Amino acid sequence: MATPPDDDRLGRAYAAPEVTVFYDRSRCRHYAECVRGLPQVFDPARRPWIRADLADADTVAEVVRRCPTGALHYRLLAEKPEEPPHPTIITPDPRGPLLVRGDLVLDTPEGPLAETRAALCACGRTRNQPLCDGACGVNGGPFGGTRDQAQTPQER
């Protein structure tokens, strides 16, 4: 099960002719799999920081699937959404969240969220239940990693 493409909880859309990448800044815990995987597409020093048109659509999708938190999603033109792994995989991160991959339905304050990847809060201090918001210090500071310049620190 995947979140429908019209669900605005996927985040901000970065469209290219063959693929659209969605980024939900509130879910990003800065594991930087995207930046390491395709630095020409995911460049935190550039605005916009995601340029999905700078690589092959299937390669972009493969790198987005590496994002352990679900902050990144993709939609390929005329193809099915990301398929979850079976069985579900839960990996505890010693720095904080539980990294979960599978056919997930998360109970959020906005209602059920169908998902394939998520970083779930393990400390109980998040304000974004059930998702990790970095309250445990997983980011090592509030301003690290990739961010959209359009959002100011007051919006966090």
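All values below were derived from every heavy atom in this structure, side-chain atoms included, with hydrogens, water molecules and symmetry-related copies excluded. Nothing here was measured: the structure is a model prediction, and the numbers come from that model.
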Which residues share a side-chain hydrogen bond (donor to acceptor under 3.5 Å, both in side chains) with S26, sequence neighbours left out: D24
Rounded to the nearest 0.5 Å, what separation is found between the OG1 atom of T126 and the CG atom of D133? 3.0 Å
Counterpart residues, salt bridge (charged side-chain N to carboxylate O under 4.0 Å, His left out), relative to D56 (two or more places apart): none
Between I50 and L72, is any pair of side-chain heavy atoms under 4.5 Å apart? yes
Just say parallel, tilted or perpendicular for the rings of W49 and F42, cut-offs at 30° and 60°. tilted
Please report the shortest heavy-atom distance between D107 and P130, naming the atom on each side. O-CD, 3.4 Å
Non-neighbouring partners of R36 that pass side-chain hydrogen bond (donor to acceptor under 3.5 Å, both in side chains), sequence neighbours left out: E33
Closest non-hydrogen atom pair between A71 and R27, with its separation: CB-C, 3.8 Å
side-chain hydrogen bond (donor to acceptor under 3.5 Å, both in side chains) partners of E62, counting only residues at least two apart: R66
Of all heavy-atom pairs between A52 and V19, which one has the smallest distance, and what is that distance? CB-CG1, 3.9 Å
Do I89 and V64 land in one hydrophobic cluster if side-chain heavy atoms of ILVMFWY residues count as linked below 4.5 Å? no
Could I get the full list of salt bridge (charged side-chain N to carboxylate O under 4.0 Å, His left out) partners for R29, not counting sequence neighbours? none
Just jot down the side-chain contact (heavy atoms from CB on, under 4.5 Å) partners of A61, sequence neighbours excluded, or say none. R65, Y74, L76
For residues A119 and P97, report the shortest heavy-atom separation together with the two atoms involved. CB-CB, 3.9 Å
Please find the pair of heavy atoms, one from C123 and one from C136, that lie closest to each other, and give the distance. SG-CB, 3.8 Å
Sorted by chain and residue number, the side-chain contact (heavy atoms from CB on, under 4.5 Å) partners of T20 (sequence neighbours excluded) come out as A13, A15, F22
For D93, enumerate each residue passing the salt bridge (charged side-chain N to carboxylate O under 4.0 Å, His left out) test, keeping only those at least two apart in sequence or located in another chain. R95
Going through the distances and angles, do L120 and L131 end up as a side-chain contact (heavy atoms from CB on, under 4.5 Å)? CA-CA 4 Å; L120 302 179; L131 304 168; 4.1 Å; yes
Expected output: side-chain R46 to main-chain V41 donor-acceptor under 3.5 Å: yes
Rounded to the nearest 0.5 Å, how far apart are OG1 of T69 and CZ of R117? 7.5 Å
Salt bridge (charged side-chain N to carboxylate O under 4.0 Å, His left out) involving R51 - partner list, sequence neighbours excluded: D53
If I take atom CG from residue L10 and atom CD from residue E115, how far apart are they, to the nearest 0.5 angstrom? 8.0 Å
For R125, all residues meeting side-chain hydrogen bond (donor to acceptor under 3.5 Å, both in side chains), sequence neighbours excluded: none
